[in-house]
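Down below is the structure, laid out as structure tokens.
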Amino acid sequence: MAAAVLAASAASPALAQPDSSVQIYGFIKEDVETVRLSGNGRSESLTRLVNDLSVLGFRGQERISGDLEAFFQIETNLRMTGTGTSEISDRNSGLGLRGPWGEFLMGQWEMPLRFASVYTVDPFTAGVFASNSIMGNGFTTAGNGVAPHSFDRRQKNLFQYATPNWRGFSLKMGVTLPERMPTGNPMAWSGLASYASGDWFVAWGHEYHRDYFYDGSADHADRLAVTYTFGGTKLRGAYERLRYQPAPGQSVYRDAWQLAATQSFGPHQLRASYTYGADAHGDTTKAVGGIGVPGSGSGAWQISLGYGYTLSKRTEVWTSFTRLVNGETARYNLSGNPLPQLTAGDAATAFGVGITHKF
């Protein structure tokens, strides 16, 4: 095997170049969880083994000149429990250039708005315990006009530019080219302004969708995120407003916020999060994603609690609990591994014990 690797290295210019490198990375995250669905006169429960969005990735770069570098990333979902489907490069995957002027990439990638809260505020990030059951109105990997309610997107056909970091300040902007579809000619753009220095992180993001519901519709999202770290404590918060035009002559908006905290001491970490989706306001006559028909009972809340124990730099064992409660007309579902039986007004509860291994 060693001889084969050496022969391949000698035969491949990319591997032989000292200014080029390729890295294999990822993580595997699985847990055994019990989920319970209640409401509308019924109560159902299930104990299941689930894959929490495990990832396999390849990334590499080539030094073209003193200050110019080409890079790529190919990232794929791993179906560790043997269920579901996946395709090569179905996660963040792209090709780009970087230099002193910043970084440009094209491919399939998470929209800049998503980085305002998902990886900085939410201590649970992936799986049923995460806050994007409510924040962003549900996650999707899709092209323009698909799952139009979602403002928590991994977007296909995305062009993205990120500025250099200047004393903690940076900007990130992404735009999708229009794609001819039955609803018109939908497109989207997203931007993020952030500041990270010492114990503080502050970010504001905006995202715009055109023709996602019908020809002429315009939908907007704004999100503000703040974190502060002192000692082993990290306080986290996010606020968002989503505004839709789901049908001609109709509009709706909804506010949501999340407060979260983590406390680390030695190999231990305690995690807590509370997310609240307020009642919707507007004159639309139908639900939009998880958001219920405007008025009383169109909101939801979710609480998540967790504990993690670090076995090594790459491996953690953990346990988490969550409860998501919908108002009468709301239909927010658990993230990552949703419950297909969930209907408007239902509540979902989950408790899990799992392992995360990074490589």
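These figures come from a predicted structure and were not determined experimentally.
Here the side chain of Asn40 pairs a donor or acceptor atom with the backbone of Ala344 at under 3.5 angstrom. In this structure, Asp219 contributes its side chain and Gln245 its backbone to a donor-acceptor pair below 3.5 Å. Under the 3.5 Å distance criterion, the side-chain polar atoms of Thr81 are left unmatched by any main-chain donor or acceptor of Leu49. For Asp279 (side chain) and Gly299 (main-chain N/O), a donor-acceptor pair under 3.5 Å exists by modelled atom type. Of the possible donor and acceptor atoms, none in the side chain of Ser304 sits under 3.5 Å from a partner among the backbone N and O of Thr322. Panel note: side chain Asn144, backbone Leu177; a donor-acceptor pair is recorded below 3.5 Å.
Under the 4.5 Å side-chain contact rule for hydrophobic residues, Phe201 and Phe230 do not share a cluster. Hydrophobic cluster membership is shared by Tyr161 and Phe159, with clusters built from Ile, Leu, Val, Met, Phe, Trp and Tyr side chains linked at under 4.5 angstrom. Put simply, Met173 and Met187 are part of the same group of oily side chains (I, L, V, M, F, W, Y) that touch within less than 4.5 Å, one to the next. Hydrophobic clustering of Ile, Leu, Val, Met, Phe, Trp and Tyr side chains at less than 4.5 Å, counting indirect connections, keeps Met80 apart from Phe27. Under a hydrophobic-cluster definition in which Ile, Leu, Val, Met, Phe, Trp and Tyr are linked whenever side-chain heavy atoms come within less than 4.5 Å, directly or via other members, Leu235 and Val226 are assigned to the same cluster.
No hydrogens or angles considered: a donor-acceptor pair under 3.5 Å links the side chains of Gln250 and Thr284. Ser194 and Ser170 share a side-chain donor-acceptor pair at under 3.5 Å. Defined by atom type and a distance below 3.5 Å, a donor-acceptor pair is present between the side-chain atoms of Gln263 and Thr233. Judged purely by distance below 3.5 Å, without hydrogens or angles, the side chains of Ser335 and Asn132 pair a donor atom with an acceptor atom. For the residue pair Gln108/Thr141, the side-chain donor-acceptor check at 3.5 Å is not satisfied. No hydrogens or angles considered: nothing links the side chains of Thr176 and Gln155 as a donor-acceptor pair under 3.5 Å. With hydrogens and angles left out, the side-chain atoms of Ser264 and Gln269 include a donor and acceptor closer than 3.5 Å.
Atom CD of Glu328 sits in a sparse spot, with 12 or fewer heavy atoms from other residues, nucleotides or ligands closer than 6.0 Å. Atom CD1 of Ile88 has 12 or fewer neighbouring heavy atoms from other residues, nucleotides or ligands inside a 6.0 Å radius. The environment of CG in Leu339 is crowded: more than 12 heavy-atom neighbours from other residues, nucleotides or ligands sit within 6.0 Å. When the shell of 6.0 Å around CD of Glu87 is examined, it contains 12 or fewer heavy atoms from other residues, nucleotides or ligands. Taking a 6.0 Å sphere around CZ of Arg167, one finds it holds 12 or fewer heavy atoms contributed by other residues, nucleotides or ligands.
One finds no salt bridge joining Asp90 and Arg154 here, because no Lys/Arg side-chain nitrogen approaches an Asp/Glu carboxylate oxygen to under 4.0 Å. Under 4.0 Å is where a charged nitrogen must lie from a carboxylate oxygen, and between Arg254 and Glu240 at least one such pair does. Arg271 has a carboxylate O that lies under 4.0 Å from a charged side-chain N of Glu316, or vice versa, which qualifies the two as a salt bridge.
Taking OG of Ser131 as the reference point, atom CG of Leu259 lies at 11.0 Å (rounded to 0.5 Å). With values rounded to the nearest 0.5 angstrom, Lys172 atom NZ is found 12.0 Å from Arg114 atom CZ. In this structure, Glu207 CD and Ser190 OG are separated by 4.0 Å, a value rounded to the nearest 0.5 Å. Note that CG of Leu113 and OH of Tyr208 are 15.5 Å apart. Values are rounded to the nearest 0.5 Å. Atom CD1 of Ile303 and atom CZ of Phe321 lie 7.5 Å apart (nearest 0.5 Å). For the atom pair OG1 (Thr343) and CZ (Arg331), the distance works out to 6.5 Å, reported to the nearest 0.5 Å.
Taking the six-membered ring for Trp, Tyr244 and Phe151 have ring centres closer than 6.0 Å. Between Tyr195 and Phe169, the distance separating the two ring centers is shorter than 6.0 angstrom.
Of all the heavy atoms in Gln302 and Val128, the pair that sits closest is NE2-O, 3.4 Å. Residue Arg236 comes nearest to Thr262 through the heavy atom pair NH2-OG1, 3.1 Å, listed as atom of the first residue, atom of the second, then distance. Annotation for Thr120 and Ala116: closest pair OG1-O, 3.5 Å, computed over non-hydrogen atoms. Minimum interatomic distance between Leu334 and Leu324 (heavy atoms only, all atoms of both residues): N-CD2, 3.9 Å. The two atoms that bring Asn92 and Gln73 nearest to each other are O-NE2, 3.1 Å, heavy atoms only. Pairing each heavy atom of Val121 with each of Gly237, the nearest pair is CG2-O, 3.5 Å.
Taking the six-membered ring where tryptophan is involved, the planes of Phe129 and Trp318 are perpendicular, since the angle between them exceeds 60° and thus also 30°. Relative orientation of the Tyr119 and Phe115 rings is tilted, given thresholds of 30° and 60° on the angle between their planes. Taking the six-membered ring for Trp and thresholds of 30 and 60 degrees, Tyr274 and Trp257 have ring planes inclined between 30 and 60 degrees apart.
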Under the criterion side-chain contact (heavy atoms from CB on, under 4.5 Å), I'd like the reasoning laid out for Lys234 against Thr227: C-alpha separation, chi angles, the key distance, then a yes or no.
CA-CA 7 Å; Lys234 186 172 184 177; Thr227 71; 3.8 Å; yes
Dump the intermediate steps for side chain to side chain donor-acceptor pair (under 3.5 Å) on Thr349 and Arg323, then the final yes or no.
CA-CA 4 Å; Thr349 306; Arg323 179 165 174 79; 2.7 Å; yes
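Side chains of Asp52 and Asn337 form a contact here, defined as non-hydrogen atoms less than 4.5 Å apart.
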